[in-house]
Structure formats: structure tokens, C-alpha cells
There are 2 protein chains.
Amino acid sequence: MKRFRVFLLEDDINFGGVLRSYLEMKEFTVQWETDGATALERFHAGETDLCILDVMLPNMDGFSVAVGIRKQCPSVPLVFLTARSLKEDVLRGYSIGADDYICKPFDTEVMLMKLRAILRRGGETSDEGRFQLGSFTFEFATRTLQGSAGPSRLSPREADLLKLLCLHINELMPRELALQTIWREDNYFTRRSMDVFIARLRKLLEPETRLELISVHGSGYRLILHG
Amino acid sequence: MKRFRVFLLEDDINFGGVLRSYLEMKEFTVQWETDGATALERFHAGETDLCILDVMLPNMDGFSVAVGIRKQCPSVPLVFLTARSLKEDVLRGYSIGADDYICKPFDTEVMLMKLRAILRRGGETSDEGRFQLGSFTFEFATRTLQGSAGPSRLSPREADLLKLLCLHINELMPRELALQTIWREDNYFTRRSMDVFIARLRKLLEPETRLELISVHGSGYRLILHG
DNA sequence: AATAAAGGTTAACGGAAGGTTAATGTTCGA
DNA sequence: TCGAACATTAACCTTCCGTTAACCTTTATT
């Protein structure tokens, strides 16, 4: 059995040390970093099977590190470690694409189970946030639109908007909903901005003729996938 | 709109709390249980529109709880929540009659859409705002009139008026009602404007010969669907 | 039957919303 | 600090849509 490699980011020397020992005892290989900024430099894609990141760090917080890691390696599983049980933290973690989170103080057995469950999944990221659009596959977490003629990377806004359209596929996606959830404001400028992104998505989706992104004047848009 | 009641079984205090807050924010009423065994005792048929059950629980697992719930109330939709995305789990869940499966990590918006989709199915609210007019299907939300010879798209006013006529199908739809609710004013000009829209609707509905939109002089209109 | 009132139909107008591309800020990492 | 990536703003054009006008037909009234 292959030894799994864990990237551990934890500023607390004592706790981090204990955790490392425990994981090594359980047959993991551990790379332990204590500082957020240097951690990112030392992280190398392909050398890690799973990341455990403390959220509360003195230098650079765990979420920022997570974003940086995601950029280098979109598929590596992320687990957040936090003493806080603040709602916004958990939601924020999941929105980045966290695979799980663990609250301190925690039961080592439970943690181990969670880690094993994640690793067992293998590289297969769960199909949440993955949408099939005819010959396209849109993966929200990595903002990738995989088409028959190669993949495209979407910008954050493009991805947000496309996701919303996918969630309402073949139905009306109200303009207001997008402005509310993505732009957080509904005025002349945000509306025009949204129009620009709709045009970009149209261009991106153009190769698949079964897809149609039509406007419903005064109400919103409809992403239609023809049979 | 009726508030939906969700029965939530999740042992993780933090995660459960977050989920409850989120669902309550989205206008659901939540009954949150943390223990499988006691959850079953506290579950009461008829008080719940949908169940969200974590699969991995310390005491009694989510599947057993599901079976118990199904015994009491065979029709309530079940959604399983799991960190694992193992095939056997998914299959087992569906064999019990799960309506959907949500794997952690999940996107809150995706989850929300799944829940809404399930509730829509059960609550037969799906044909709310959808009318069958002979060979035509009129969908108010998208302002689409689906005919045998392709769809037509209606303007907001046309859709409003057609909806009003559909709600009074085969009966009199008083002129005044339309002017009051759609135009919000009853004068010479709004009356003439309404006449124009009636003419447009007639042209749109023309292909279906069983449909007749007749005027009742001095009173209003009648949309008749012949037998 | 004559007349007035209501309705039918079509076309045209003008304002608003949307489409599209380019330019301009802004942010963030190298 | 320079440049790349990205969102926003601008500019210009097209489409949509409710209203109004014009002219015609039907219905009710006397």
C-alpha cells in the first residue's frame, strides 16, 4: 500500500508536532509548515495527496493559502482545521472547494476516518458543482469548461454566472437573482456588466449548437439544452 | 408561499448548526436532530416536508433512520448527506428510496436547488403557472407558448393577459379585471391598448382551431377551448 | 335605418432593454 | 514596479415592447 503524503499547515508548534507524530504513526508522510506565506512557496503540485490547513494563522490565513494551492493544483483535497465554528468560515471553506473541515478540539479517530474517506475517493472530486452541457463539461471548482476542442478557463464572474444558469437549466434564471447573488447590487452599471458576461458566455458556448442562451426581455435569461 | 419544513439529522454540532442557519435563512423551518435513535422518536409524520439525513452517525446510521421514517411516512422525500461518495452507499440509499444524494463537500446553492427541485415534484406546484390550451402549452414564467409548430415568445403584457384569460378559461374574464390588475388604470387609452393585445393573442392562438377568444360586448372576453 | 359606442386590426413611434466590442480602471502576483 | 488577468464603464447599435393613431367593422340604441 502506497504511503499517502499529507501537507500540514499549523502554526501551533505543540499541536502541530503532536498531529504530525500521530499521522506518521498512522502511516502517512507529513510535510509540516508553520507559516502561511512560506507554506505556499514550499508547496509543490504532485507531491501531495491531501492538505490539512489551519484557518487561523498569524501571517496569512488558511483560506488564502487554499486559494493559492488550488491555483497550482485544482484537484488536491483540502481539509480545514479550525478552532472557530463560525458559520461564515465553514461556508467560505466549502465555497473554495474544501473537502471537509475539522474543528478543534477533535477526536483523532474521527479525523482519521474523515481523511481516509477523502483519500478513498481518489482523485474523483464529487460531482457537486459539475455540469454536463451537451458536449461541454463545466466544473465550477476549477472554473473549467471542457469542450471537445480543448478546455477553456473561465474568470470567477463567468464561472459564477454559468453556474447559476446551469442550476436553472431550461428554466428562467431571473436577472435579479444573478445581480443579487453575484454582484450584490442591482443598478444600471451592474446590469450592464452582467450583459457583458452574458455575451462572453455566449461566445464560449457557441461551439455546442444544442446550447442556446436566450434572454427573456425584462425578466432574465434561459440556458436551453436542446434534446 | 408556504414555509417548507425540513427534518435535519446531522451529528456534527458545528456543521449542523451552519446548515440549519442557512436553511432558515432560505425560508425553511428546520427540526434539527443530532442523534439517530432519538431522532426517530421525535419524527412525526405529517410535520415534515423533506428529510436530510447524514449517513455517517455514531449511534444509529442514517440508513436505519431512513427505514424507520419510511415505515411511518412512506411518501416523505429523503435526501442523504455523506462525506463518502462510495458507490455502495449511493446504491443502498437509492434502494431505500432516497430522492437525492448530496456529497460533502457541497455547494450550498447546488444543495438548495436540489431541495427545491424535490419539493416542487412533491408539491405539484410545478404546473403552477403552466396552462394547457389544446395543443398549446403556455408557460408563464418563461413567457413561452409552446405549439406544435415551434414555440412563440410572448411579451410581458401578452403573458399577463393570457394568464388572466387562462385562469378564467371558458368563463367571462371581465375587461375591468384585466385593466385593474395589469394596466392599473381604466381609461380610454388603456382600453384601446388592451384591444391591441387581444388582437395579438388571437393571432398567436390562431393555429389551434379549438381555441376561440371571443368578446362579450361591454363586459369582457371569453377564452373558449372546444371539446 | 341612422347614429353612437365599442371593438378589431394594422402600422408606426419612441423609449427602454439588451448585444457587442473596445477602452479603462483595479488588483495581484512575478 | 511592471504586466497579466479581470471587472467595469463607455460607446454605439439592434431588438423589444407598450402606446397611440388611423381606419374599419360590429353592436346597441332610438
Side-chain angles (χ1 to χ4, degrees), chain A residues 36-41 43 60-61 63-72 142-144 152-162 165 172-176 178-179 181-206 212-223, chain B residues 142-145 152-162 165 172-176 178-179 181-206 212-223:
Chain A
T38 60
L40 249 185
E41 294 170 21
F43 174 85
M60 174 196 247
D61 86 25
F63 291 122
S64 313
V65 178
V67 172
I69 288 176
R70 262 291 131 82
K71 203 168 281 178
Q72 282 187 55
T142 59
R143 308 202 313 255
T144 308
S152 329
R153 289 294 298 276
L154 307 191
S155 81
R157 277 276 196 279
E158 289 167 350
D160 287 341
L161 188 52
L162 183 54
L165 287 164
L172 177 75
M173 196 283 288
R175 229 187 149 70
E176 204 190 306
L179 291 166
T181 60
I182 301 177
W183 277 267
R184 319 214 155 263
E185 201 171 349
D186 184 346
N187 59 44
Y188 172 77
F189 295 106
T190 54
R191 260 172 279 145
R192 291 332 313 276
S193 186
M194 177 171 166
D195 292 338
V196 172
F197 282 96
I198 288 289
R200 290 190 188 149
L201 287 182
R202 282 211 180 98
K203 185 155 286 182
L204 284 164
L205 299 174
E206 194 171 298
E212 209 181 352
L213 179 45
I214 65 173
S215 83
V216 181
H217 202 94
S219 306
Y221 290 90
R222 215 145 74 96
L223 180 59
Chain B
T142 56
R143 307 202 311 253
T144 307
L145 187 64
S152 328
R153 307 181 49 200
L154 309 191
S155 83
R157 275 278 198 279
E158 290 167 351
D160 287 341
L161 188 52
L162 183 53
L165 287 164
L172 177 73
M173 196 283 289
R175 232 188 145 71
E176 205 189 311
L179 290 165
T181 60
I182 301 176
W183 277 266
R184 317 212 153 267
E185 201 172 349
D186 185 346
N187 58 43
Y188 171 78
F189 294 107
T190 55
R191 261 172 278 143
R192 290 329 314 275
S193 187
M194 177 171 166
D195 292 338
V196 172
F197 282 97
I198 289 290
R200 289 184 186 160
L201 286 183
R202 283 208 182 101
K203 181 157 287 181
L204 283 164
L205 298 173
E206 194 171 291
E212 213 179 351
L213 179 46
I214 65 171
S215 84
V216 181
H217 202 90
S219 311
Y221 291 90
R222 220 146 69 96
L223 180 60

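All values reported here derive from a predicted model rather than from experimental measurement. The figures here come from the full heavy-atom set of this structure, side chains too, leaving out hydrogens, waters and symmetry mates. Here is how names work: the chains are called A, B, and so on, in the same order as the sequence lines, proteins then strands, and each is numbered from 1.
Counting non-hydrogen atoms under 4.0 angstrom, Arg184(A) reaches nothing in the nucleic acid. If you check every strand for non-hydrogen atoms under 4.0 Å, Phe197(B) touches a base. If you check every strand for non-hydrogen atoms under 4.0 Å, Ser193(A) touches a base.
Between Leu154(B) and Leu145(B), the closest heavy-atom pair is CD2-CB, 4.4 Å. Residues Leu179(B) and Thr190(B) share a closest heavy-atom pair of CD2-O, 3.6 Å.
Partners of Glu212(A) according to the side chain to side chain donor-acceptor pair (under 3.5 Å) rule, which considers only residues two or more places apart in sequence or in another chain, are His226(A). By the salt bridge (Lys or Arg N to Asp or Glu O under 4.0 Å) test, Arg153(B) is found to be paired with no residue, residues two or more places apart in sequence or in another chain being considered. With sequence neighbours excluded, no residue satisfies side chain to side chain donor-acceptor pair (under 3.5 Å) with Glu206(B). For Arg191(A), the salt bridge (Lys or Arg N to Asp or Glu O under 4.0 Å) partners are Asp186(A), not counting sequence neighbours. In terms of the side chain to side chain contact (heavy atoms under 4.5 Å, CB included) criterion, residue partners of Arg157(B) (sequence neighbours excluded) are, by chain and number, Ser155(B), Ile182(B), Trp183(B), Phe197(B). Legend: residues meeting salt bridge (Lys or Arg N to Asp or Glu O under 4.0 Å) with Arg202(A), ordered by chain and number and at least two apart, are absent. Checked against salt bridge (Lys or Arg N to Asp or Glu O under 4.0 Å), Arg175(B) has the following partners two or more places apart in sequence or in another chain: Asp195(B). With sequence neighbours left out, the side chain to side chain donor-acceptor pair (under 3.5 Å) criterion links Ser219(A) to Arg143(B).
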Protein-nucleotides 18-24 of chain C N/O pairs closer than 3.5 Å?
residue, atom, partner, partner atom, Å
dG18(C), OP1, Gly218(A), N, 3.2
dG19(C), OP1, Arg202(A), NH1, 3.1
dG19(C), OP1, Arg202(A), NH2, 2.7
dG19(C), OP2, Tyr221(A), OH, 2.6
dG19(C), N7, Arg192(A), NH2, 2.8
dG19(C), O6, Arg192(A), NH1, 3.3
dG19(C), O6, Arg192(A), NH2, 3.1
dT20(C), OP2, Arg202(A), NH1, 3.2
dT21(C), OP2, Lys203(A), NZ, 3.2

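Protein chain A contacts DNA chain D over a range whose 5' and 3' limits, counting nucleotides with an atom under 4.0 angstrom from a non-hydrogen atom, are dC6(D) to dC17(D).
Nucleotide dC13(C) holds its P atom 18 Å from the CZ atom of Phe189(B), rounded to whole Å.
Over its length, the helix from dA1(C)-dT30(D) to dA30(C)-dT1(D) turns its helix axis by 30°, as judged from the five terminal pairs at each end, rounded to 10°.
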